[in-house]
Amino acid sequence: MRDRRVMLLWTLFTLAAAISVGLVLRRPDHLSDLHIYYGALADLRAGRPLYGYVAENGVPFTYPPFAALVLWPLTALPESVLGAVWLLSTVAAVVAVAVPVGGALAAARSDRPLAVAATATVLLLSAPVQSNLRFGQVSIFVVLLALLDGMGTVPARWRGVLVGVAAAVKLTPLLFVAYFLVARRYRDAGRAVGAFLACAAVAAVVLPAESRTYWAGTVVQTSRIGDLASLGNQSVHGMLLRVGLSPAALPVVWAALVAAICLAALLRARQLTADGRPGHAAVLVGCATVAASPVSWTHHQIWPVLAGMLLVGATGVARRIAGAALLVAMVVSLGAVLGPVSTRPGVQFLLENARALGVCALCLAGFGGVAVAATRPHRRGLAGRAWLRLGVAATATLAFFAVQPLPAGADPTFKAYSLADVANPRYFFVCRGPAECAAYGGTGPVTFGTAVEPTKVRVNGVVSPDVARLEYYSAPGGAPRVIPLLAAYPGSRTFSFRSASMTHGRLVAYGPDGRPIAVYDDELAAAFR
């Protein structure tokens, strides 16, 4: 029976891999990150600066110079051939990651084939791996290197080297050096640091100008990576940006939270290592890198998927439900799926940041303590109490967030549209043309319409000649957003913007003297309900 289940899971994995690769290749923007690697290296071969390259989508090359050396051989292949090779390599890397994690998940050696097949299938279906496939990302390979080294599966004399190489490609695995030190794996820490410095030195010799550019400034220019306040960045830093902290308070709060998260994770990882559970320890440290990094896009979040599977494989109702909840958050976007039924901005904020909050809880609450199967059997009475505790905790959490307004300034969905967008009927649906806009304007300063979508609300309309400025407040206490007034058609001015929620939204029109002449809030809230 077990053999049948293993075969069924591998069949499902193969089918899912084939469908995923096919869907990726059908996308017009497929493998966009791989295209950036390819284009940046082509520029470098032509004598142009590596960090001066910008792809058609406006994204530059952001990795350390050693990554360019690692990726250099890729340019020997035509880009179309490279895409197919990269996708197959990504699928193979998923299996390679699943082998050690499945071994840590299996209760006995005989259970390992089933655990590996299940791990590979769930991992492939998760949003992070699908994102790796879609964009052609290196993240899955970085995770594989750090996982093998963190678990100690490589020969003893080479342990630490893979972490050093991985960190030379992407910096976040450097946290594993701290883990080696805390776990008293001093030689591994030394080899990791030595490998990292050696890789950086090789890059400095081969690419001296690029190395100076990167280490002298590019390394700290996080704005090159993209909009860090967008929902795709599920790190602590990204969540704090969406909360709307002031620029002065943000670095202090972020550093304090990251220090607490990393310290808790590292201390628990040390205990797990001492208990003979290096797989759980490595995954825990990996989750801490996701939380602590200034930017953790979806393709970086492979570690929480592995943590969720270890939780599901543990004993105890609460642990398994926590693991299942984490896996659900990592497979689907809760903010998008449950947005239509989430009528409270606080709950919507919870859903939109579920991955970041889940990873933080994992590290702070002692991931290993709840993920590892207990050695003593649980009595039946404990299961009932676990259900009760879980229900009370879930109810209290939802109740807390339900009464919260959208944090001031925390509206990453907001966007005001420009004159170039007027022709798009999705953005400007109230009036399309001079006759419609002239007829639409009412007697008030602002006449507008709304359209509710799964993850956002759109507002557009026209303003009277009395309006000199239009501002939108997404929440009480938040900074105002200036809404452009567009002279799209003769004799009328129109506007359009989108926001995550209108429940606490307020639209204010100002006259030429700078005083408010009209305020709209109840109408916006009614449009969202």
Side-chain angles (χ1 to χ4, degrees), residues 57-58 226-227 229-232 242 244 335-336 339-340 342-343 345 348-349 352 406 408-476 478-512 514 516-529:
N57 60 2
D227 181 10
S230 68
L231 293 176
R242 292 188 287 275
S342 172
T343 58
Q348 182 67 19
F349 188 80
E352 290 174 345
L406 192 68
D411 191 1
T413 306
F414 175 84
K415 182 179 180 180
Y417 295 100
S418 65
L419 202 58
D421 302 308
V422 169
N424 192 323
R426 188 183 177 195
Y427 303 157
F428 289 82
F429 51 83
V430 161
C431 58
R432 295 180 292 273
E436 279 190 49
C437 290
Y440 188 82
T443 57
V446 182
T447 308
F448 62 89
T450 59
V452 179
E453 296 181 4
T455 59
K456 61 185 72 74
V457 182
R458 299 186 184 276
V459 180
N460 64 69
V462 297
V463 298
S464 71
D466 299 332
V467 178
R469 188 172 84 256
L470 193 63
E471 291 182 348
Y472 171 69
Y473 294 78
S474 61
R481 318 285 186 125
V482 177
I483 309 300
L485 301 178
L486 311 173
Y489 309 109
S492 64
R493 289 179 299 163
T494 186
F495 67 91
S496 180
F497 67 94
R498 72 185 187 199
S499 183
S501 166
M502 296 292 171
T503 304
H504 295 275
R506 183 160 55 99
L507 194 63
V508 182
Y510 296 86
I517 58 175
V519 177
Y520 305 88
D521 46 19
D522 293 340
E523 296 91 334
L524 293 173
F528 186 71
R529 288 195 292 267

Sequence-distant partners of [X], side-chain contact (heavy atoms from CB on, under 4.5 Å), two or more places apart:
{"X": "V519", "value": "R506, V508, D521"}
{"X": "A518", "value": "P445, A509, Y520"}
{"X": "P465", "value": "none"}
{"X": "L419", "value": "V422, L486, A488"}

Checklist entry - Can you check whether F497 and Y417 have ring centres sitting under 6.0 Å from each other? => result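 No: the rings miss the under 6.0 Å criterion.
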Subject >> Derivation of the side chain to side chain contact (heavy atoms under 4.5 Å, CB included) call for R458 and V452 >> reply: CA-CA 6 Å; R458 299 186 184 276; V452 179; over 6 Å; no
For this session: Find out whether I517 and D466 are in side-chain contact, i.e. whether some heavy atom of one side chain is under 4.5 Å from a heavy atom of the other.
Result: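 In short, these two side chains touch, coming nearer than 4.5 Å.
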Do the side chains of V467 and R493 get nearer than 4.5 Å, heavy atoms only?
->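 Sidechains of V467 and R493: in contact.
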Q.
Between S492 (side chain only) and C437 (backbone N and O only), is there a donor and an acceptor less than 3.5 Å apart?
A.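 Not at all, since once roles are kept as given, no pair shorter than 3.5 Å links the two residues.
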- Message: Assess the residue pair V459 and S499 against the criterion (side chain to side chain contact (heavy atoms under 4.5 Å, CB included)); give the C-alpha distance rounded to whole Å, side-chain angles, the decisive distance to 0.1 Å, and a yes or no.
- Response: CA-CA 8 Å; V459 180; S499 183; over 6 Å; no
task: Quick one: pull up OG1 in T494 and OH in Y427 and give me the separation to the nearest 0.5 Å.
output: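 Spacing of OG1 (T494) from OH (Y427) equals 15.0 Å.
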Atom CD1 of I483 and atom CZ of R469: how far apart are they, to the nearest 0.5 Å?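 Answer rounded to 0.5 Å: 11.5 Å.
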Q) Applying salt bridge (charged side-chain N to carboxylate O under 4.0 Å, His left out), which residue pairs with at least one partner in residues 422-433 are found, sequence neighbours left out? A)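 For residues 422-433, and leaving out neighbouring residues, the salt bridge (charged side-chain N to carboxylate O under 4.0 Å, His left out) pairs sorted by first residue read R426-E453.
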Would R481 and Y472 count as a cation-pi pair here, with the cationic atom under 6.0 angstrom from the ring centre and within 45° of the axis?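 Because its charged atom misses either the 6.0 Å distance or the 45° angle limit, R481 does not stack over Y472.
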_Between F495 and L470, does the side chain to side chain contact (heavy atoms under 4.5 Å, CB included) criterion hold? Intermediate values first, please._
CA-CA 9 Å; F495 67 91; L470 193 63; 3.8 Å; yes
- prompt: Partners of D421 by side chain to side chain donor-acceptor pair (under 3.5 Å), sequence neighbours excluded?
  reply: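 By the side chain to side chain donor-acceptor pair (under 3.5 Å) rule, D421 matches S418.
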Can you sort out the partners of F428 under ring-ring contact (aromatic ring centres under 6.0 Å, His included), two or more places apart, ordered by chain and number?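 With sequence neighbours excluded, F428 shows a ring-ring contact (aromatic ring centres under 6.0 Å, His included) to no residue whatsoever.
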**Message:** List the residues meeting ring-ring contact (aromatic ring centres under 6.0 Å, His included) with Y489, not counting sequence neighbours, and say none if there are none.
**Reply:**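 Y489: no ring-ring contact (aromatic ring centres under 6.0 Å, His included) contacts found.
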